[in-house]
*Asks:* 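To start, I am sharing the structure in question, which I have written as structure tokens.
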Amino acid sequence: MKFKDLYKYSGSLMVLLILVSCGRDPNNPGKEYAPNMYLPVGYEPYKQEKPNPINPMGLTMRLPVEGTVARRNYKTSFGEGDSANVDLMVYNIPADSITISERVLKNPIALNEKTLAEGKILYDRYCQHCHGATGAGDGKVGAMYKGVPNYASDAYKNLNEGHIFHVITHGKARMWPHGSQINPEERWKIVHYVQKLQKGA
């Protein structure tokens, strides 16, 4: 067969190729080119892109361990009616938006002797080693770490509750975030105690 003849039949070959390709299984995605460009090397916990040889049935996502305890909903209520319900877990303010926290966050935990006493216990457990017993920044770790503020100083004595809660949650400067260690209700109790220390009490 000459080249001219091949050229003459190329249209027919093209039509035949299209007809053959249309009869394929519609569930077959076809050939993947360079899958390493868009598929992860490791196993994604919330996707099942490839069989996982380690787990039963090749699954990547596993059921929670038997006896796993669900995180509390952290709901508390004050006052009367529906407006009294406060969900302490709703906290979607990003780490770099501290000014928003200062404007919108209000402490939902009632200030009384009980919550202040609980706030002191939590402060002693999580904060005193850096900030000191009186909030003067003279804790044992603070003495080595440097730059720990004095709550009663002019720069810090007027910081509001939203600011303090945000810093406990996300950290700031040399202070690391404590949101994963202290639940929201406990953070708000610490805020009450820190505000007492701001007054030098």
Side-chain angles (χ1 to χ4, degrees), residues 40 44-47 64 68-201:
E44 294 287 334
Y46 298 111
K47 291 182 182 176
T68 300
V69 179
R71 183 186 283 267
R72 285 173 52 200
N73 197 21
Y74 295 119
K75 286 204 173 185
T76 184
S77 61
F78 305 104
E80 311 240 342
D82 292 338
S83 62
N85 292 328
V86 179
D87 188 351
L88 297 173
M89 286 302 291
V90 175
Y91 186 68
N92 300 322
I93 300 173
D96 62 353
S97 302
I98 197 164
T99 53
I100 296 173
S101 298
E102 291 172 346
R103 284 198 319 269
V104 303
L105 292 182
K106 300 295 176 201
N107 197 332
I109 304 293
L111 176 58
N112 54 44
E113 293 294 326
K114 182 175 181 287
T115 55
L116 207 53
E118 290 171 356
K120 181 185 184 320
I121 291 167
L122 292 163
Y123 176 89
D124 290 345
R125 184 179 301 158
Y126 295 106
C127 314
Q128 182 179 339
H129 53 277
C130 283
H131 292 280
T134 62
D138 56 355
K140 289 184 178 179
V141 176
M144 301 294 293
Y145 210 47
K146 305 299 179 196
V148 180
N150 180 346
Y151 293 142
S153 68
D154 290 341
Y156 294 93
K157 68 182 179 183
N158 294 319
L159 293 177
N160 73 5
E161 55 202 350
H163 181 106
I164 298 166
F165 183 87
H166 188 94
V167 171
I168 295 170
T169 304
H170 292 297
K172 187 180 179 193
R174 301 193 73 179
M175 177 173 163
W176 287 44
H178 286 67
S180 62
Q181 300 150 10
I182 311 171
N183 72 45
E185 185 176 349
E186 292 172 337
R187 276 177 255 162
W188 282 120
K189 289 175 181 176
I190 292 172
V191 169
H192 276 319
Y193 190 70
V194 168
Q195 290 194 300
K196 179 185 176 185
L197 297 177
Q198 283 177 307
K199 298 169 188 168

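Along the sequence shown, the residues carry numbers beginning at 1.
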*Asks:* Are the side chains of K172 and H163 in touch, meaning some heavy atoms are under 4.5 Å apart?
*Replies:* yes
*Asks:* In Å and rounded to the nearest 0.5 Å, what is the NZ to CD1 distance from K114 to I109?
*Replies:* 9.5 Å
*Asks:* Which residues pass the ring-ring contact (aromatic ring centres under 6.0 Å, His included) test with Y156, sequence neighbours left out?
*Replies:* none
*Asks:* Can you confirm if the aromatic rings of H178 and Y126 lie within a centre distance of less than 6.0 Å?
*Replies:* no
*Asks:* Can you measure from CG (L105) to OG1 (T169) and round to the nearest 0.5 angstrom?
*Replies:* 8.5 Å
*Asks:* Taking all atoms of both residues into account, what is the closest heavy-atom pair of R174 and K146, and its distance?
*Replies:* NH1-O, 3.6 Å
*Asks:* Identify the two heavy atoms, one from R187 and one from I182, that lie closest to each other, and give their separation to 0.1 Å.
*Replies:* NE-O, 2.7 Å
*Asks:* Check C130 against V141 and note the closest heavy-atom contact, atom names and distance.
*Replies:* SG-CG1, 3.6 Å
*Asks:* Keeping H170 on the side-chain end and I93 on the backbone end, is there a donor-acceptor pair under 3.5 Å?
*Replies:* yes
*Asks:* Distance from H192 atom NE2 to L111 atom CG, nearest 0.5 Å?
*Replies:* 5.0 Å
*Asks:* Under the ring-ring contact (aromatic ring centres under 6.0 Å, His included) rule, collect the residues that match up with Y123, sequence neighbours excluded.
*Replies:* Y193
*Asks:* When rounded to the nearest 0.5 angstrom, what distance separates CG in L116 from NZ in K196?
*Replies:* 5.0 Å
*Asks:* Show your working on side-chain contact (heavy atoms from CB on, under 4.5 Å) between H129 and K140 and close with a plain yes or no.
*Replies:* CA-CA 6 Å; H129 53 277; K140 289 184 178 179; 5.9 Å; no
*Asks:* A side-chain contact here means heavy atoms from C-beta on lying under 4.5 Å apart; do C127 and I190 qualify?
*Replies:* yes
*Asks:* Just how far is it from atom OG of S101 to atom CZ of F165, taken to the nearest 0.5 Å?
*Replies:* 8.5 Å
*Asks:* State, yes or no, whether a side-chain contact exists between Y151 and K199 at a heavy-atom distance under 4.5 Å.
*Replies:* no
*Asks:* Show your reasoning for whether side-chain contact (heavy atoms from CB on, under 4.5 Å) applies to H131 and M175.
*Replies:* CA-CA 10 Å; H131 292 280; M175 177 173 163; 4.1 Å; yes
*Asks:* For the atom pair CG (N158) and CD (Q198), what is the distance rounded to the nearest 0.5 Å?
*Replies:* 7.5 Å
*Asks:* Side chains of N160 and I164: closer than 4.5 Å at any heavy-atom pair?
*Replies:* no
*Asks:* Mind running side-chain contact (heavy atoms from CB on, under 4.5 Å) on Q128 and K120 for me, showing each step along the way?
*Replies:* CA-CA 10 Å; Q128 182 179 339; K120 181 185 184 320; 5.7 Å; no
